[in-house]
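Here's the structure we're looking at; comments come further down.
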There are 2 protein chains.
Amino acid sequence: MKNVTLKEIASQLGVSVSTVSRALTDSYEINVETKKKVQKLAKDLNYQPNPFAAFLRKHKSNTIALVIPEISNNFFSLVIKGVEAACQENDYYVLIYESHEDFQKEQRIANHLMGGRVDGVLISVCSETRTSDHLKEVLERKIKMVMFDRVLNDIDVSKVTSNDYGNSLEATKLLLSQGCRKIMFLRAGLHLTTMDNREKAYRDALKSYGLNIDDSLVKTFPPSKELDLEELKAYLIDKKPDAVFCSVEHLAIACYDICKELNLKIPNDIKVITFSNLKVARLLNPSLSTISQPAYEIGKTAATLLINEIKGKHQEEGFQNIRLDSKLIKRDSTKKML
Amino acid sequence: MKNVTLKEIASQLGVSVSTVSRALTDSYEINVETKKKVQKLAKDLNYQPNPFAAFLRKHKSNTIALVIPEISNNFFSLVIKGVEAACQENDYYVLIYESHEDFQKEQRIANHLMGGRVDGVLISVCSETRTSDHLKEVLERKIKMVMFDRVLNDIDVSKVTSNDYGNSLEATKLLLSQGCRKIMFLRAGLHLTTMDNREKAYRDALKSYGLNIDDSLVKTFPPSKELDLEELKAYLIDKKPDAVFCSVEHLAIACYDICKELNLKIPNDIKVITFSNLKVARLLNPSLSTISQPAYEIGKTAATLLINEIKGKHQEEGFQNIRLDSKLIKRDSTKKML
DNA sequence: ATGAAAGCGCTAACAC
DNA sequence: GTGTTAGCGCTTTCAT
């Protein structure tokens with residue numbers, strides 16, 4: 001079966017291409033009879049408009065790019081779901097790009113996007129990203145942008161984040177209230193705004209308890225899963241903290257593995273809390289206390305914001321800065337005694 | 001900054017549009033000097049070709065669709081990652097579509113795809129899908145297709161699956177060898193080939209042990225996460241199996257929750273094994289025995305196959321039927337005694 | 001080696 | 001209410 005085009009329908013019906021085009025977009029100036037005729041034939045032939053022709057004409061693709069560091073990740077995969085939901089509601093499509101926490105790849109993606117493949121981009125930058133020049137170039141090409149979670153400060157776009165500072169403060173204070181005094185903070189990635197906020201809250205919480213801050217208890221590990229377990233193990237053995245606050249899930253998982261190996265009992269010997277969207281945290285041994293980001297909502301909110309911007313709505317309101325609350329769920333890994 | 005086009009470059013250089021086009025595709029018939037000149041300016045202006053114009057001309061978009069029932073799922077999110085990897089290697093792009101286990105949505109997606117948005121589609125059908133008419137129509141529009149995991153038998157395309165039968169046989173025999181004689185099999189979704197294969201293996205394994213098959217021990221639950229916990233609980237209480245073989249992860253998670261509630265000890269009172277790509281299965285309480293599908297490889301293999309088909313390679317070989325092995329990992333949830 | 005021109009399928013301004 | 005026409009940006013014949 002060859003592809004059905006407007007021309008095909010037009011010639012079969014003995015009308016012009018533009019009449020068909022108008023009939024199909026339900027233009028008010030078309031005779032009801034003609035309209036029906038055209039619509040019927042289009043349906044019978046299962047006419048599907050060639051999107052590229054329309055895009056070329058209108059310079060609108062109804063497509064957005066979603067650029068994330070890592071696809072297979074409990075947080076980002078929920079984000080994807082939220083984005084997909086918002087797009088399905090608005091008849092938009094999602095192109096996925098994975099930067100693999102690699103700044104060069106992110107740059108290449110940005111470059112590609114400048115070609116006008118998409119009407120807008122949704123991005124959470126990779127951990128190596130320090131400047132926003134590549135993103136600014138995209139903006140200059142009149143492509144809309146919304147950042148989420150890992151945002152950059154020196155760029156003027158709408159942003160959707162979670163309340164990293166507030167929730168980290170809460171988490172640290174929980175550990176303190178359980179009696180912990182030697183709390184380790186594990187960062188993932190050097191230059192991420194999310195990490196900065198989480199660490200700052202950790203420090204402020206300690207200060208608010210009148211404690212001195214031991215910088216050697218704060219350490220950065222690779223953001224991706226290629227974590228050096230031995231290094232982390234040695235660090236834990238060396239420092240012997242009474243609690244570990246992990247800024248990302250895979251660090252907590254690593255701690256669980258290491259504690260098992262070292263025969264350290266959680267929470268008696270050491271307490272653990274982490275940022276995580278792991279659904280089965282409650283079933284771990286012991287159940288893991290988590291700060292759970294509203295990943296789905298972040299994705300959905302960011303995508304809706306972007307689509308509205310593309311449509312030119314809410315332009316007047318300027319750039320939004322939306323901060324959503326995460327949920328701290330206390331479980332056994334932070335219990336006083338088991 | 002306005003968008004740079006071929007015309008722009010041509011006029012700045014005083015050459016024709018076609019010369020620029022040829023220079024940029026590195027055509028052999030262009031003077032080396034001109035080529036250099038053009039390429040330099042293109043780079044300076046950061047020229048990015050308008051993809052839609054090229055697509056419209058060539059009827060190739062270098063884009064494939066990935067249609068899956070559910071994005072936020074340990075199996076599918078790894079598949080996405082694999083697909084993305086294969087596409088990045090080949091300079092292809094991925095459009096994500098989520099069918100939400102809803103056949104009507106799947107049909108709508110298929111319809112949309114017929115418009116020629118993509119050169120090919122990668123699909124794992126939803127649990128409600130019983131016929132392949134909607135997919136055949138896509139094929140008729142000369143759009144290539146590869147199915148993976150949840151495939152359909154009555155359609156002629158390449159398929160990538162995992163060895164559901166073999167690995168389920170192995171899993172059931174493991175339970176049998178641990179002394180279980182009243183093994184429950186929990187299906188998810190009525191019409192899935194994957195489920196059929198898994199159930200058949202379960203039955204064959206019982207037969208090979210000379211056991212009678214009690215049909216009331218096989219039951220189907222909804223494939224998505226909207227599982228009725230109470231129904232499953234009542235079923236478990238009623239049947240009192242000594243083992244449960246779950247065909248998907250969320251059923252096993254539900255069993256864990258229910259066992260906790262009913263104070264049934266895994267594996268002493270009841271053993272559990274499941275298909276799952278959960279990374280932290282080893283950290284559950286007790287650690288969960290899993291059949292882990294090679295999700296990343298499935299995605300990568302399927303995408304590579306599709307891209308090759310689009311490129312017209314390996315056409316002669318006809319449709320492939322690739323079956324990859326899953327990995328059975330024995331953990332405490334199927335131990336004889338703890 | 002380079003240019004002119006057609007055309008991919010669609011939309012929209014402009015006739016009538 | 002409908003047709004004519006131009007043009008979106010690119011590739012690709014066909015000239016020269």
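Here is the naming used below: chain letters follow the sequence lines, and residue numbers restart at 1 for every chain. Not measured: the values here are computed from a predicted model. As a basis for the values below, the full set of heavy atoms in this structure was taken, side chains included, without hydrogen atoms, waters or symmetry mates.
- One atom, CG of B/Asp26, and another, P of D/dT11, lie 13 Å apart when rounded to the nearest Å.
- Applying the 3.5 Å distance criterion, the base of D/dT5 shares no donor-acceptor pair with the side chain of A/Ser18.
- Closest contact between the side chain of B/Leu6 and the listed nucleotides D/dG9, D/dG3, D/dC10 involves D/dC10.
- The side chain of B/Glu29 has C/dA1 as its nearest neighbour among C/dA1, C/dC10, D/dT11.
- Place B/Phe52 and A/Val32 on DNA chain D by their nearest nucleotides, and A/Val32 ends up nearer the 5' end.
- Taking the side chain of B/His59 as heavy atoms from C-beta on, and the options D/dG1, C/dG9, D/dG3, the nearest nucleotide is C/dG9.
- A salt bridge is absent between B/Asp119 and B/Lys144; no separation between the charged side-chain nitrogens and carboxylate oxygens falls under 4.0 Å.
- Of the charged side-chain nitrogens involved, none lies within less than 4.0 Å of a carboxylate oxygen, so that B/Glu98 and B/Lys105 do not count as a salt-bridged pair.
- Listed by first and then second residue, the salt bridge (Lys or Arg N to Asp or Glu O under 4.0 Å) pairs involving residues 42-57 of chain A are A/Lys40-A/Asp44 (not counting sequence neighbours).
- Residue A/Ile9 contributes atom CD1, which lies 12 Å from atom C1' of C/dC10 at whole-angstrom precision.
- Phosphate proximity of C/dG3 to B/Ser16: present, with a side-chain N or O under 4.0 Å from OP1 or OP2.
- OP1 or OP2 of D/dG9 has not a single side-chain nitrogen or oxygen of B/Thr5 nearer than 4.0 Å.
- The residue A/Thr25 sits apart from the nucleic acid: no heavy atom pair falls under 4.0 Å.
- A donor-acceptor contact closer than 3.5 angstrom links the side chains of A/Arg117 and B/Thr63.
- Distances shown here put a side-chain N or O of B/Ser21 below 4.0 Å from the OP1 or OP2 atom of D/dT11.
- The CG atom of A/Asn50 sits 14 Å away from the C1' atom of D/dC10 (whole-angstrom rounding).
- We find that A/Glu101 and A/Arg150 are joined by a salt bridge, their nearest charged nitrogen and carboxylate oxygen being less than 4.0 Å apart.
- We find that CD of A/Gln48 is positioned 11 Å from P of C/dC10, with the value rounded to whole Å.
- Comparing C/dG3, D/dT2, C/dA12 against the side chain of A/Asn31 picks out D/dT2 as the nearest.
- Nucleotide C/dG9 holds its P atom 12 Å from the CG atom of A/Leu56, rounded to whole Å.
- At the heavy-atom level, B/Thr34 lies under 4.0 Å from the strands shown only through sugar-phosphate atoms.
- A/Tyr93 and B/His112 have parallel rings, their planes meeting at less than 30° on a 0 to 90° scale where 60° marks the start of perpendicular.
- Note on A/Tyr28: nothing from the nucleic acid sits closer than 4.0 angstrom, heavy atoms only.
- Positionally, the nearest nucleotide of DNA chain D for B/Pro51 lies more toward the 5' end than for the other of B/Arg22 and B/Pro51.
- Mapped onto DNA chain C by nearest heavy atom, B/Val20 and B/Lys58 fall at different nucleotides, with B/Val20 at the one closer to the 5' end.
- Spacing between atom CG of A/Asn62 and atom P of C/dC10 amounts to 16 Å, rounded to whole angstrom units.
- Atom CZ of A/Phe55 and atom C1' of D/dC10 are 17 Å apart (whole Å).
- Separating the CZ atom of B/Arg57 from the C1' atom of C/dC10 is a distance of 16 Å, rounded to the nearest angstrom.
- Between D/dG9 and B/Tyr47, no contact under 4.0 Å exists linking OP1 or OP2 to a side-chain N or O.
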